[in-house]
Amino acid sequence: MGAEERRDRLGELAPDLLAELDADDEEEDDALPDLPNADEYDEIRMRLAPNPNGPWHLGNARMPSVIGTYKQQYDGWMLCRFDDTDPETKRPDLDAYDAILDAVDYLGFEPDEVVRASDRMETYYDHARELIDEGGAYTCSCPAEEFRSMKADAEACPHRDKPAETVREEFDAMVDGDYESGEMVLRVKTDIEHKNPALRDFVAFRMVDTPHPREEASDYRAWPMLDFQSGVDDHLTGITHIIRGIDLQDSAKRQRFVYDYFGWEYPEVLHWGHVQIDAYDVAMSTSTIKAEIADGELTGWDDPRAPTLASVRRRGIRGEAVVESMVELGVSTTNVDLAMSSVYANNRELVDDGADRRFLVRNGELLPVAGDDRPDAGHPPLHPNHDDRGDRDIPVDDAVRLEPDDVPADGERVWLKGYGCLRYEAASENADAADGDGGAGGELVWTGDDISAVREDGVPVVHWVPAEENVRVRLRTMDGDVFGRAEPGFASYEPDDVVQFERVGFARYDGTDDGVTVAYYAHP
RNA sequence: GCUCCGAUAGUGUAGUCCGGCCAAUCAUAUUGCCCUCUCACGGCAAUGACCAGGGUUCGAAUCCCUGUCGGAGCACCA
């Protein structure tokens with residue numbers, strides 16, 4: 001019994017079971033596990049909280065991929081909040097704000113709202129003052145190192161029990177910029193004897209002398225730390241579910257102290273491990289990539305060797321393929337390796353049906369073609385599974401180019417796909433030199449064999465281009481640039497069109513540069 | 001040093017909460033065969049895993065303990 005038949009039978013015998021089966025199938029499409037306590041909320045509200053200190057690398061795609069997919073799964077709401085509260089160490093890159101939104105769009109998602117933390121400073125100040133009045137924070141002028149050692153010994157610093165009025169005054173002075181960097185911080189009073197040293201009194205605000213790169217925020221000097229800013233914002237924007245990296249595991253525990261002072265309820269929170277990606281030599285870190293570009297080792301954020309979203313995008317890999325792979329990784333807290341082959345497999349599935357087939361001959365060897373009754377053109381199909389799309393028309397003049405590995409031995413035949421069967425005849429005097437790389441030295445002679453030569457005699461089928469009428473191509477790959485020649489039809493594409501170079505792989509048409517057509521290699 | 005978290009095939013994942021239907025799911029990868037005028041697509045098959053040791057139990061991937069390995073935090077970074 002086939003699958004269809006079994007299904008029909010089940011439908012007759014037990015319609016309930018069949019319905020259940022269908023329901024299961026639908027759930028599997030979502031692939032992500034249910035969010036904790038999802039049904040306790042009227043609306044699932046999540047946020048992306050990128051630091052705009054540079055364009056995104058591939059690992060950054062995990063956050064929007066998973067959160068965006070959850071948004072779809074629950075018909076929820078998604079905020080993109082730029083956590084740009086460090087004008088110095090992780091200084092925002094003004095171009096990155098748009099680059100990141102563009103990347104989210106490429107992945108196929110749209111935030112319901114976009115905010116910048118640096119626009120919300122007054123809100124953070126207001127909440128800090130309220131926290132001070134609650135007795136939940138104190139200004140502290142201990143040098144960082146001294147406080148650190150006191151904290152290690154679970155010892156309170158002398159500033160911890162200042163009256164709220166004094167704290168208020170000193171905090172206002174911080175806001176007014178009356179202190180220099182390092183002179184004064186505002187700390188949240190947690191539990192200085194907490195057994196986990198990571199949770200003892202943490203900094204909520206510190207002074208930064210360097211002005212913020214955004215003009216609107218350049219006058220602020222007292223900047224909130226992530227744990228304070230993010231905690232306040234998550235509550236004010238009604239976030240129900242936070243998903244973030246394991247490096248922020250202790251953040252929730254720290255922020256809960258603030259939430260307790262305010263009488264707020266902490267959102268559901270999930271943590272995941274770091275993503276590593278195979279297949280790249282370059283380290284996947286914003287700062288490393290930035291440095292490689294500055295050194296000229298990479299040509300830009302979209303260099304095919306760069307592990308960035310801009311790069312895979314330029315290679316013709318669809319955002320959807322990246323999202324699927326990220327979703328397949330799930331949300332476990334272990335560190336995971338993403339195999340690029342998974343992205344490639346997903347992308348191949350997306351583009352294969354629509355990609356025209358074309359020939360690209362890399363490092364081709366020039367071979368004259370002889371034979372009086374040979375056809376003057378080859379006509380391979382545009383797509384093997386779609387006859388209705390028609391054939392290509394590739395003229396054969398006096399010679400063709402083949403990839404060196406495809407040039408047959410003397411006397412052997414080869415089938416030029418869409419054209420026909422030819423026999424290689426090395427030049428008699430220098431047959432030994434035939435496989436030198438300067439040129440084969442022989443010629444291809446039309447044999448007139450029909451397709452049974454391929455089916456029964458095993459003559460290899462190869463791709464080829466005409467010697468004269470072809471398109472010079474620079475194929476940019478992860479391993480560097482490759483030069484070759486494509487069939488004439490390759491000249492007629494638009495940027496972003498994806499083709500499959502037969503027996504080479506999928507590639508995205510990029511444009512022309514100084515008479516050479518540029519394509520980006522995607523994957524096999 | 002203190003504190004948290006984790007460990008299922010090459011990779012990722014399901015199952016773990018509520019022990020039996022798990023000699024462990026699915027995808028990808030690799031290999032072979034079929035199809036094919038591509039090494040694509042499609043079809044079939046093979047390969048391959050419960051970190052280790054104890055304990056509880058009639059029964060443990062699942063519960064408990066110990067160990068090993070890995071990760072994270074203890075920043076005036078995010």
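Note that the structure is predicted; figures quoted are calculated from it, not measured. Chain A is the first sequence line, chain B the second, and so forth, proteins listed ahead of strands; every chain is numbered from 1.
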Measuring only the [atom1] atom in each nucleotide, how far is [N] from [M]? A whole number of Å is fine.
N	M	atom1	result
B:C33	B:C39	C1'	16 Å
B:A7	B:C51	P	9 Å
B:C64	B:U56	P	15 Å
B:U8	B:A49	C1'	6 Å
B:A14	B:U25	C1'	5 Å
B:C50	B:G12	P	15 Å
B:G48	B:U11	C1'	12 Å

Reckon [X] has a side-chain N or O less than 4.0 Å from the OP1 or OP2 of [N]?
X	N	result
A:K417	B:U36	no
A:R357	B:A40	no
A:R348	B:C41	yes
A:R206	B:C77	yes
A:K151	B:A75	yes

Pick base, sugar-phosphate or nothing for [X], based on heavy-atom distances below 4.0 Å to the nucleic acid.
X	answer
A:F506	sugar-phosphate
A:K90	base
A:A144	base
A:V185	base
A:P380	nothing
A:T85	sugar-phosphate
A:D247	base
A:L329	sugar-phosphate
A:C142	base
A:S332	sugar-phosphate
A:Q500	base
A:L248	base
A:G418	base
A:R254	sugar-phosphate

If you check the [X] side chain, which of [options] turns out closest?
X	options	result
A:A198	B:U13, B:U3, B:G73	B:G73
A:P197	B:A78, B:U3, B:A29	B:U3
A:D406	B:U11, B:C39, B:C4	B:C39
A:R455	B:C37, B:A78, B:A40	B:C37
A:T334	B:C77, B:A40, B:A7	B:A7
A:H274	B:A72, B:G6, B:G12	B:A72
A:V461	B:C37, B:A40, B:U13	B:C37
A:R148	B:U11, B:A75, B:A78	B:A75
A:V203	B:U38, B:C76, B:A72	B:C76
A:M225	B:G71, B:C76, B:C41	B:C76

For the ring pair [X] and [Y], is the centre-to-centre distance below 6.0 Å?
X	Y	value
A:F202	A:F257	no
A:F228	A:Y124	no
A:F501	A:F490	yes

Whom does [N] pair with, Watson-Crick or G-U wobble, provided both distances fall under 3.5 Å?
N	answer
B:U56	none
B:U38	none
B:U16	none
B:U30	B:A46
B:G1	B:C74
B:A7	B:U68

Might you confirm whether atom CD of A:E183 has over 12 heavy atoms from other residues, nucleotides or ligands at distances under 6.0 Å?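 Count over threshold, so yes.
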Which residue lies more 5' along RNA chain B, comparing A:H383 with A:S141 via nearest heavy atoms: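 In this pair, the answer is A:H383.
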Closest-nucleotide mapping onto RNA chain B: is A:N196 or A:N335 further toward the 5' terminus? I mean the 5' end. A:N196
For A:L338 versus A:S325, what's the shortest heavy-atom pair and its separation?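 Taking A:L338 first and A:S325 second, the nearest heavy atoms are CD1-CB, 3.9 Å.
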Please report the shortest heavy-atom distance between A:G231 and A:Y259, naming the atom on each side. O-OH, 2.6 Å
Does A:F147 have A:R187 sitting over its ring (NZ/CZ under 6.0 Å from centre, angle to axis within 45°)?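 Yes, A:R187 sits over the ring of A:F147.
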Which value, rounded to the nearest 0.5 Å, describes the distance between A:D201 atom CG and A:C140 atom SG? 9.0 Å
